[in-house]
Amino acid sequence: MCFVLNLTIMAWICCYIIGFILLVGCLCSAESTEEVHIFPETDNIWIRESRPLNLTCMFTGYHIRDVTWQVNGSEIKNELGAHVTKQRTWTFETSYITVTYYKNGAEFTDTGNYSCHAGPLSKTIEVKVTKGRLRIRPDVDKVIIMASKPFTLVCVFEGKDLLPVTWHKNGMQAFGFMTRGYVVKPNTFSKKVAVSSEISELFAKRENSGEYTCIAGPFSKTLTLEVSEEPCQVALVKSLPDVSITASSHYEDTLYSDAPSRGRLDTVREGDITAAQAGIRKILGGSWQASITDKRQWIQIAFPQLAIVTQIVTQGRSSTDCCTQRQWITQYKVLFSKDGRRWDKYKELKTGETKIFEGNHDHDTKNKHELPVPVIARFLRINPVSWSEKISLRVEAFGCTMPSTLKMIYPLKQVNYYRTDESFQITCAFDGPEPPMFRWMKNERDLHLDSTFMKVIDTSYNHDGVTTRETLLKSRMKFKDSGSYICKDENSKLYQSVEINAAELDIIPEVDRMWVTAGQPINIQCSYRGSGRNQINWQINGQSNLTEFTSNLKYDNLVDSFFVGANISKIASRSDTVDISCMVATLRKTVSVRVIAEKLKSVVLIEGETTTLDCSDIGHIDDVKNDVFWTKEHVPLNKVSDLTGRYEYYSETRRLTISNSKLSDAGRYECNVLVEVGSSQQRQISIPADVVVAPTITVEGQSSILPGSTLHIFCHITGYPVPSITWYRNGGPILAEPERYIFHLHEGSDKGHLEVHDVTPEDTGKYTCTGQGGLFPVVRKSLDVHVAETGEGRTVLILGVLGSLLSTVIVICCSAGFVRIRRRRRQRTETLKALEKMSATTDQFAKQYVQLLTIDRSKTVEREEEKSKFISKPFDLCTTDERINLAGSLPELPDGASHPAQEESLDDDTGSETYEKYERPMHAHTFPTHQSRSYRK
């Protein structure tokens, strides 16, 4: 008892030790998977003053730990404007603890090292709070540069910290440009530092177009650069109406007018024709002249839409004026606006200061200024800042109007096909300075939108103009809806067209994969119905090669459409696993043709050995879900009793093995392949495989026959497949003749029985049966047949006739004996009936009757003994006399007894009914030699 108790205590101690070891291992493993992450994932970040400060720490591990934020070694706690939030999440394997520190407005005092602590783990990020301003030049949202012209982009950061300034293009750091950067150290008064970075290109290219972003710490600014390859050097002011040119003031009196409209380039003094027609004399001056002479005067040009100004040209007052002295402007500024309310000054690209353009120094000389960065504006002002005598100016702005674009954004293809009853839509997008006025047309006629169409309009405004999208929708396509649709803007005269066709393209069989066996026909039909008469094109594996196929076409005109039908066909071979496509314009239907082996290689059966059938190399089926099972003559193998326990097969190898093969195993097997299992296109393909046995042959028949008789020869042939039989006589083939040579089915062979009618001596010879059994060589067997000559035939005929007569006599004799026996049996029966009716009062009669019965019974016993000798001992007629004598020794009947009626005499061989019953027939060659006797009882 104590021993058992000690064992139990030791077992418990071992369990505790093992559990402790496992627990320590789990803890060590958990420790090794604990991690701390800080977001944003960087070592240091810049935060703009008064902007939110947001830091997140995530702890991942098995244990739940206390996670805290610290700044410069002190724990962060909730305070006014700042708070710390914690969130815990558990899963089966680990736990997550997320701690977030958020402060609404960062201050300079928030600069420091922020660290996240979770037990022994920690991670630190440096936070810097800064203040400043980031500027890019040109200070616009979008810049358009003419191709092959130079351009420069400048970015400047001004602030209390020295931040790196970088340019990025389309989200990636800009490379391949000429770059330049400089730093301006803070002076005593401003205590600000300036960092500048610029990129430039001597010859602008289309590839330079994109979004450019300047980044300096937490600061960023973006502009869009577009390089235009279109010519843009058109005089914009010359063609404007007078009302589009205005000024802050102008000089005019009853005789003279220097209105703003006189400020066009190359204007000369002339008379006012309109005033002259009214009978008033009016002189129009050779320039615009401000009525007030100060620096706040300007002349304004209003373009009909956004324009790109690339060059400005100025002149002084025309020298044709009689009273003109030295009147021109020597310096001016350029202002521009998109809405006429908010104005921007054209500035120096590098310094950012307002650019002062140099004016004229005489009356008529043109002073040109190329704008390094073209101006995109709806309104342009020239603001003179210095002049000679009077503010007089003639000006021209060169450039181009901001282009309006009209695009067909859906559908993208020029020619499109839709199935009938399918919905379709057409979307037209316009970008330009002014809202468009859309007009829809079909086949160059106005499209009258009925209830079957729906129109959707979406308009948005931006700094460059307006963007409008207009969409036509129709829920059900009809053949009558086919045509060329045109979207046109009546203002800009821009238009786009797209062709819509209702069509139906069908392919038969309508499956993804078509499975055929080698030797079967590949037949694919394609039909097209549409609003136009199109040609059906075929492609084989992407190439127009139909040399191995036969094809035909059929056309038909329907009420509302055209019909085209085509089909191609060929006999499949193992190499014809191809993709066949039927195409009409942009419509395409494809069928993948997969060819499977027609038949597996035959296998020769050897009795007692293992037979293997292989179904692995049958075609390309591995890319679809498939399965394989075997049958014998379309009967599942588990229902073939002969194969029970001797076969096995595997779907993976598609191989069937039969062990301890028997001859009965020969036959046709089927490898049944299920392809695309579980889909709507699942189908079964049966591939036959023959297990063959070498043929054997024997011949039987009449070797000797009389002329005029019928000859029968039988050819016994075995093997699988059943060999085909051919008959030969003396080396020559025997052909079937209706009344001479006839072939009959024998043991499964069509010609196994040869029948020759009315043979003659010429039919004597060697008859040979040959069998051809598939893979095996021809087997043959012969029989020599002799047809008797004429003399021999007579002798044989006489013997035959005599034999027939003898047989007839024997039959007649046997029939007569049978008739006599039947008669005697009937007579004996009648006698016995008569005796039974006789009176039984006479003792003597009774005694005699008893004796008669006793004799009858004793004779019956004797006859039973003779019965066993019936077959071996011939019957002897002489024994009949002895039976007669015995019957005669019977005592006479007493007087007065009634006698039975007189009967016909009986033969002496009828001792009793028992004798009659067991009387033996005579041998066929033995005839009776004794005379018949009769007696009366």
Evaluate the criterion side chain to side chain contact (heavy atoms under 4.5 Å, CB included) for residue pair T760 and D758; output intermediate values, then yes/no. CA-CA 6 Å; T760 63; D758 298 328; 5.8 Å; no
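- Between R419 and D506 there is a salt bridge, with a side-chain nitrogen of the basic residue lying less than 4.0 Å from a carboxylate oxygen of the acidic one.
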From CA spacing to verdict: side chain to side chain contact (heavy atoms under 4.5 Å, CB included), T644, K639: CA-CA 8 Å; T644 303; K639 295 186 179 180; over 6 Å; no
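- With no hydrogens or angles considered, a side-chain donor-acceptor pair links E470 and W440 at under 3.5 Å.
- Side chain to side chain, H716 and E747 meet the donor-acceptor criterion of an N or O pair below 3.5 Å.
- There is no side-chain donor-acceptor pair under 3.5 Å between T60 and E35.
- Under 4.0 Å is where a charged nitrogen must lie from a carboxylate oxygen, and between D623 and R594 at least one such pair does.
- Paired with D617 under the rule salt bridge (charged side-chain N to carboxylate O under 4.0 Å, His left out), one option of R574, R655, K601 passes, and it is R574.
- When only modelled atom types and interatomic distance are considered, Q684 and N672 share a side-chain donor-acceptor pair under 3.5 Å.
- Relative ring orientation between H746 and F714 is described as tilted, the plane-to-plane angle lying within the 30° to 60° band.
- In this structure, R529 pairs ionically with D560, as a charged nitrogen and a carboxylate oxygen lie closer than 4.0 Å.
- Taking a cutoff of 4.0 Å between a charged side-chain nitrogen and a carboxylate oxygen, R683 and D627 do not qualify as a salt bridge.
- By the 30° and 60° cut-offs, the orientation of the rings of Y418 relative to F424 is tilted.
- Between T631 and V640 the shortest side-chain heavy-atom distance does not fall below 4.5 Å.
- Ring-plane geometry between Y485 and F453 is classed as tilted, the angle between the planes lying from 30 to 60 degrees on a 0 to 90 degree scale.
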